[in-house]
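Reminder, nothing fancy here: chain letters follow the sequence lines and each chain counts from 1.
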2 protein chains.
Amino acid sequence: MAQPIPIHKHSPLKASCHQCSLSNLCLPLAIEENELDRLEDIVQQGRIFNRGEHIFDQSTPFRSCFAVKSGSVKTSIITESGEEQVTGFFMPGELVGLDSMSSSTYACTAKALERTSVCEFPVEKLEDLTGKLPELQHHMYHLMSQEIQNGHQLAMLLSKNTAEERIAALLLSLSSRFQRRRLSPTNFSLPMARNDIANFLGLAVETVSRVFTRFQNQGLIRARGREVELLDVEALQMVTRDSSRQGC
Amino acid sequence: MAQPIPIHKHSPLKASCHQCSLSNLCLPLAIEENELDRLEDIVQQGRIFNRGEHIFDQSTPFRSCFAVKSGSVKTSIITESGEEQVTGFFMPGELVGLDSMSSSTYACTAKALERTSVCEFPVEKLEDLTGKLPELQHHMYHLMSQEIQNGHQLAMLLSKNTAEERIAALLLSLSSRFQRRRLSPTNFSLPMARNDIANFLGLAVETVSRVFTRFQNQGLIRARGREVELLDVEALQMVTRDSSRQGC
DNA sequence: CGTCCGGATTGATCCATATCAAAGTTGTAC
DNA sequence: GTACAACTTTGATATGGATCAATCCGGACG
């Protein structure tokens, strides 16, 4: 397990919500300086996890939500039967753990896909604070509702779309999330293994692999291991939308 | 569209959160009398919709969440290509519209599956109130998080389970929701058509139909149209769990 | 620099479920 | 009571992706 880096009150790190380049993605507040101060009061910043380390484990006491600062996180559920179901990938600026706010234990396990730093928000303090800052409360509702919608989107992908459509959708989702961080939307490195992609999208690894090569042969992408280049974003968008083929 | 029944302040209906048999399921509050009073101040009770009527429509301005009082509700998304994806079924005591709290318009359409009465919670007022009542805020987080988990559960069902497993899971889910309302968990009437079940579970109608008859032949259920009797709940639970077959 | 090992790719085959097609059934409006 | 429309069931066939089985690649490590 990872060893959190202890942060003392008034440590130099404490000021960094103000400086954090992700502050507008993570838990953005009105430009009220003191609101951001109060958020900083409750957050534990800069905890680092190495690739493969667990940020939290399913069924252990639920204490905190975590904002990804850098790196990336995979969440998954382990069923009674021992199967894994990947429930999401989280990139910098995104909040992990919202699905656990209904229970006293974590509903899933969160694992760092690479060296990853996170900010920790203890739930109790967070709830106190959202009770005082309507903007922040609103934003929490926003994030949770967004996550519900993501779930529906995924359900839709899983129940109605072909392997190609699912993978195109994932690539485009990642692309736009990189773009939001002002990184290249066409040239990035997948943080997760083919296996994780397959599991997340309800496919076999082999299928994922085949679709990648098919896309490559069609000139839609270039892929070398985890390194991916989107060569024809429009065509990829067509792929996802062409579940509407029959309508035309 | 349905015509809401106008409720005047201080109408006799106003007192009914106290009396409502679902108050412990819907938005339960500490036994503080005055908290329930404040909830009553913001809720519009007793709006009735007939079968097929829309409670709200995707892409129209998001104003309110709705608690189902009686009857049942189906939510679904219509994609650009015109396909429908059923995202959920809501029974009495459950709150519809949480997935829309991130946007200014409804993320889905909610349709009454039968004659249905709902209580309306205008979001603005609801957010104000949750800011003042920590218990209520906590409960909102709870409900939303629960819905995220439901989504993951569904995604899992869709990506890993066979038609039989999906349908067994749905029947058991409905069963326990009926039980929560102190109705028979083994003898109930499905509020939705086979079509909706199929769509929700990512199956073809024909498959749903076949699985129902298969279950019937195996003596697990008796089904006559929408009337269903669960004859062997344990066996149904086995069906859902037997995705763990290979482990034994 | 070779060896080893987990992950990725490629190929061949099979199966669960979609799809197509056609009756049945139920409810309900006239 | 009849008849239409919507829903459901049943049967025959087709197929996308799973599964099984090698092989291949890249990086860590001796």
Side-chain angles (χ1 to χ4, degrees), chain A residues 50-52 74 83-86 111 113-115 156-171 189-218 221-228 239 242-243 245-246, chain B residues 50-52 74 83-86 111 113-115 157-170 189-218 221-228 239 242-243 245-246:
Chain A
N50 286 315
R51 168 200 262 246
K74 171 185 94 173
E83 287 174 299
E84 180 181 23
Q85 165 72 37
V86 176
K111 188 190 235 186
L113 287 170
E114 54 196 313
R115 191 169 172 80
M156 188 132 128
L157 216 56
L158 293 174
S159 72
K160 299 233 185 317
N161 293 65
T162 66
E164 295 198 350
E165 288 160 353
R166 297 181 205 185
I167 289 174
L170 178 64
L171 288 174
S189 148
L190 298 171
M192 73 294 279
R194 296 282 187 275
N195 220 334
D196 294 327
I197 295 178
N199 187 306
F200 180 63
L201 294 179
L203 299 168
V205 206
E206 295 93 327
T207 305
V208 173
S209 193
R210 279 186 250 270
V211 171
F212 267 82
T213 50
R214 214 176 304 157
F215 280 172
Q216 184 146 240
N217 293 338
Q218 296 173 273
I221 66 172
R222 188 176 320 155
R224 254 219 189 313
R226 296 193 175 187
E227 228 53 50
V228 172
V239 171
D242 277 1
S243 35
R245 248 162 308 159
Q246 95 288 7
Chain B
N50 286 315
R51 166 199 262 244
K74 171 184 95 171
E83 287 174 300
E84 180 180 23
Q85 166 73 36
V86 176
K111 188 190 233 185
L113 286 170
E114 53 197 311
R115 192 171 171 80
L157 216 56
L158 293 174
S159 72
K160 298 234 185 315
N161 293 61
T162 65
E164 296 197 350
E165 289 160 352
R166 295 181 207 185
I167 289 174
L170 178 64
S189 148
L190 299 172
M192 73 293 279
R194 297 282 186 279
N195 220 335
D196 294 326
I197 295 179
N199 187 306
F200 180 64
L201 294 178
L203 299 168
V205 206
E206 295 93 327
T207 306
V208 174
S209 192
R210 279 186 248 271
V211 170
F212 267 82
T213 50
R214 215 176 304 157
F215 280 171
Q216 183 145 241
N217 293 338
Q218 296 173 279
I221 67 172
R222 188 176 320 155
R224 254 222 186 313
R226 295 193 175 186
E227 227 53 51
V228 172
V239 171
D242 278 0
S243 36
R245 247 160 309 157
Q246 96 288 7

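- Across all non-hydrogen atoms, the minimal contact from L158(B) to G202(B) is CD2-N, 3.9 Å.
- With rounding to the nearest 0.5 angstrom, the OG1 atom of T207(A) is 11.0 Å from the CD atom of E164(A).
- The nearest whole Å value for the distance from the CD atom in E227(A) to the P atom in dC25(D) is 19 Å.
- Atom CE in M192(B) sits roughly 16 Å away from atom C1' in dT8(D) (whole-Å rounding).
- Counting to the nearest Å, the C1' atom of dG17(D) and the CG atom of L158(A) are 14 Å from each other.
- Rounded to an integer number of Å, the gap from CZ of F212(A) to C1' of dT9(C) is 13 Å.
- For the pair F200(A)/R166(A), no side-chain contact is recorded, criterion being any heavy-atom separation below 4.5 Å from C-beta on.
- Atom pair L190(B):CG and dC7(D):P shows a separation of 15 Å (rounding to whole Å applied).
- Axis angle between the ends of the helix from dC1(C)-dG30(D) to dC30(C)-dG1(D), five pairs each and rounded to 10 degrees, works out to 40°.
- Within the model, atoms CG of N195(A) and CG of L203(A) stand 11.5 Å from one another, a figure rounded to the nearest 0.5 Å.
- In this structure, CZ in R194(A) is found 6.5 Å from OG in S209(A), a value given to the nearest 0.5 Å.
- The CD atom of E165(A) sits 12 Å away from the P atom of dG16(D) (whole-angstrom rounding).
- Residues Q216(A) and A223(A) share a closest heavy-atom pair of OE1-N, 2.8 Å.
- When every heavy atom of Q85(B) is checked against every heavy atom of S159(A), the shortest pair comes out as OE1-OG, 2.9 Å.
- Atoms CD and CG, from E165(B) and L201(B) in turn, are 12.0 Å apart once rounded to the nearest 0.5 Å.
- When rounded to the nearest whole Å, the span between CD1 of I167(A) and C1' of dG17(D) equals 11 Å.
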Item checked: Reading 5' to 3' through nucleotides 10-24 of chain C, protein heavy-atom contacts under 4.0 Å coded B for base, S for sugar-phosphate only, - for none -> BBB----SSBB----
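- For the atom pair CD1 (I197(A)) and CZ (F212(A)), the distance works out to 4.5 Å, reported to the nearest 0.5 Å.
- The distance from atom CG of N217(B) to atom P of dT9(D) is 12 Å, rounded to the nearest whole Å.
- Judged purely by atom type and a 3.5 angstrom limit, E114(B) has no side-chain atom pairing as donor or acceptor with the backbone of P191(B).
- Residues E84(A) and K160(B) share a closest heavy-atom pair of O-CE, 3.0 Å.
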Please write out each protein N/O paired with an N/O of nucleotides 25-30 of chain C under 3.5 Å, distance rounded to 0.1 Å.
none

